[in-house]
Amino acid sequence: MSASAREFTAGPDPYGATWNVRFLWLQNGISIRHADTIDCKFVVDDGSGPREMVLALPHPVLRQMHQRLGQPLSDAWCMKLAAAHLRHIAASGEDAEKTLITLSPEDLDRANKTLQ
């Protein structure tokens, strides 16, 4: 598995498919959805054609993690957290059918642990 958060493969998913994933953008969700999130958009192709997935990282939870861990709150960290959770989605099948996925505090903690 590539350590890159910009372009990587994930899986296999529960059906045996490997996902090809490409990062598109990171944006403050307040500007596009009036949500206090950092949104990371990816294009995912599991062999059935490309589709878009947006992972929404709640800003208040990110701030708490940043303060607790001493981790700089940066675009790179957010992108890596989102990519780590997308790898989890591919492997578990959890939320795989969704286009917009808002991560819980537990999701963010799990993703952060995989980065260390």
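Asn112 and Trp77 share a donor-acceptor pair across their side chains, judged by distance under 3.5 Å alone.
Considering every non-hydrogen atom in both Phe42 and Ala82, the closest pair reads CE1-CB, 3.8 Å. Residues Asp95 and Ile101 approach most closely at O-CD1, 3.6 Å, considering heavy atoms. In terms of heavy-atom proximity, Cys78 sits nearest to Cys40 at O-SG, 3.9 Å.
Screening residues 50-61 for salt bridge (Lys or Arg N to Asp or Glu O under 4.0 Å), with sequence neighbours left out, gives Lys41-Glu52.
Residues Leu108 and Leu115 share a single hydrophobic cluster, defined by chaining ILVMFWY side chains whose heavy atoms lie under 4.5 Å apart. Linking ILVMFWY side-chain heavy atoms closer than 4.5 Å, directly or via other members, places Leu73 and Ile30 in two distinct hydrophobic clusters.
Side-chain contact between Thr9 and Asn20: present, with at least one pair of heavy atoms (C-beta onward) separated by less than 4.5 Å. Side-chain atoms of Tyr15 and Asp46, non-hydrogen and from C-beta on, never get closer than 4.5 Å to each other.
Residue Arg63 qualifies as enclosed at atom CZ: its count of foreign heavy atoms under 6.0 Å is above 12.
In the hydrophobic clustering, where aliphatic and aromatic side chains (Ile, Leu, Val, Met, Phe, Trp, Tyr) are joined below 4.5 Å either directly or transitively, Val54 groups with Leu100.
A search for ring pair (Phe, Tyr, Trp, His ring centres under 6.0 Å) contacts involving His59 returns nothing, not counting sequence neighbours.
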